[in-house]
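Data block below; observations after.
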Number of protein chains: 2
Amino acid sequence: MAEVRSPDTRERILDAAERLFMAHGYEGTSMRQITGEAGVNLAAVNYHLGSKEALVQEVFRRRLDWLNDERMRVLNAMEAEADGKPLKPSQIVDGFFGTLLRMADDERRGGITFLRLLGRMLTDPSEFIRAFFAHEYSEVIDRYKEALFKALPDVPKAEIVWRFHFMLGATSYAIAGTDALRVVTDWQIEEADATDRLDRLVPRLMSFLLGGLRAPLPQFSDAEAVGK
Amino acid sequence: MAEVRSPDTRERILDAAERLFMAHGYEGTSMRQITGEAGVNLAAVNYHLGSKEALVQEVFRRRLDWLNDERMRVLNAMEAEADGKPLKPSQIVDGFFGTLLRMADDERRGGITFLRLLGRMLTDPSEFIRAFFAHEYSEVIDRYKEALFKALPDVPKAEIVWRFHFMLGATSYAIAGTDALRVVTDWQIEEADATDRLDRLVPRLMSFLLGGLRAPLPQFSDAEAVGK
DNA sequence: GTCTATAGTCTGATAGAC
DNA sequence: GTCTATCAGACTATAGAC
């Protein structure tokens, strides 16, 4: 049985970095802030992680490895159950986005802090960030895309890929939650109490995503597009 | 008649800052990079704009002033036309999101560069950015929210506010476009040619947004929620 | 493994000549 | 208005004592 002990230096650094990168971004967070918040010496980051760039990669890797394994496990289980028949779109959307959102409740997996950090980094177009995500995500995305192609045989594949993309954006903003919502609204809506946030957000978002995924196909003004 | 002249120093700085903030973020871009790209002296930013913080505010202000005026103009025109009757949801969505997306074609208004910058900054939770957007956006958001409340009297207001938020997220990702799309897909889809991007993106996104906006209401597992 | 001390570089901002 | 020169401080990273 593993010895129970308080978080070691390496993990304290990762936790502090996760929180600070979420709040101020990668470039906006210094090693001094990170080590200060973690209560460790400045040199500890370079000793344990190597560099600031290696640190941010490890911050994501320790969470995404679990998330994508879980997404794979869920999809495999659903497909085994379906026995060759296509899955329902709602199952696929829940397997991908629901699994992500439910991380918000799991403090062992970073909780809401990691989800906000992820939503923020997905809009970062820098080559270094993009290459990392492309690598960590490609396998699971391919599997879910294929499942959607099978589930929606009448919808052109390009349309499904775009709608997948739109769903990611809506989810990213949903994660940022009340904070980002306050950017665009005074949010005087009566139910601002904190208790009913997450368990209502998930069904709310799922309805929206499925409505968008199954919307009538767009009519392009360009006539030639019909034959494509 | 105004004299036609090449962009002056101030505008060259704003253009360079817009491009660099889009690519590397606010914290990731130095004054030296900005003045270097603009081909002006380092001291010019402080002389013309005052500080780096004042610079980024002016980068947004010069575009958002036009955008929000235009959104107001379109909404006022549609409501005058409707003569007191509720607008169609598709009209409202097009007035808000369509007006934004069509900026991508207008190089005089910053084009696709500004749109990507905007999408990126909307995920930044820092107080300084949020306060600025809340101020610049509040009036027009309120008017569009009210129009949606009128157009969808059977949908609870809280639901509409959330769906507005989800639509913003989907649009933000749509703007980031092919770049962010490549994060989550190899994008081997055949129609990757650049020519047919924007005029197809708008109907694609509009279908998705309207599908989400008009989706069936979510079922909360919490029974008490029904009476709220 | 953890610390101090510091090297070497880059940052935003400004004073003052022209 | 535009320039050079420079300040004072923050940054990442590392060498070397313990």
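Predicted, not measured: the structure shown is a model, and the values here were computed from it.
Here the side chains of B/Leu118 and B/Ile175 are not in contact, with every heavy-atom distance at 4.5 Å or above. With a 4.5 Å cut-off on side-chain heavy atoms, B/Phe97 and B/Val202 do not count as touching.
Between the side chains of A/Arg71 and A/Asn68, at least one donor N or O sits under 3.5 Å from an acceptor N or O.
Less than 6.0 angstrom separates the ring centroid of B/Phe96 from the ring centroid of B/Phe164.
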Grab the N/O contacts between the protein and nucleotides 7-11 of chain C below 3.5 Å, and write none if there aren't any.
| residue | atom | partner | partner atom | Å |
| --- | --- | --- | --- | --- |
| C/dT11 | OP1 | B/Ser30 | OG | 3.2 |

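Distances from the side chain of B/Ala43 to the nucleotides C/dA13, D/dT2, D/dT4 place D/dT4 closest.
Relative ring orientation between B/Phe132 and B/Phe60 is described as tilted, the plane-to-plane angle lying within the 30° to 60° band. Ring geometry for B/Trp162 versus B/His165: interplanar angle over 60°, hence perpendicular rather than tilted (30 to 60°).
For B/Gln33 against B/His24, the heavy-atom pair with the smallest separation is NE2-ND1, 4.4 Å. Smallest separation of non-hydrogen atoms from B/Arg200 and B/Pro203: O-CD, 3.3 Å.
In this entry the distance linking OH of A/Tyr47 with P of C/dG1 reads 5 Å, nearest Å. Rounded to whole angstrom, the span from the CG atom of A/Leu42 across to the P atom of D/dC11 amounts to 10 Å. Protein atom CD1 of A/Ile13 is 11 Å distant from nucleotide atom C1' of C/dT2, rounded to whole Å. Rounded to whole Å, atom P of C/dT14 lies 15 Å from atom NE2 of B/His48. The distance from atom CZ of B/Arg12 to atom P of D/dT2 is 11 Å, rounded to the nearest whole Å. We find that CG of B/Asn46 is positioned 5 Å from P of C/dA13, with the value rounded to whole Å.
Within the structure, a side-chain polar atom (N or O) of B/Thr9 is placed less than 4.0 Å from OP1 or OP2 of D/dT2. Dashed line: the shortest gap from a side-chain N or O of A/Asn41 to OP1 or OP2 of C/dT4 is under 4.0 Å.
The salt bridge (Lys or Arg N to Asp or Glu O under 4.0 Å) test with B/Glu18 is passed by exactly one of B/Arg63, B/Arg120, B/Arg109: B/Arg63.
One axis for each end of the helix from C/dG1-D/dC18 to C/dC18-D/dG1, each built from five base pairs, and the angle between them comes to 0° at 10° resolution.
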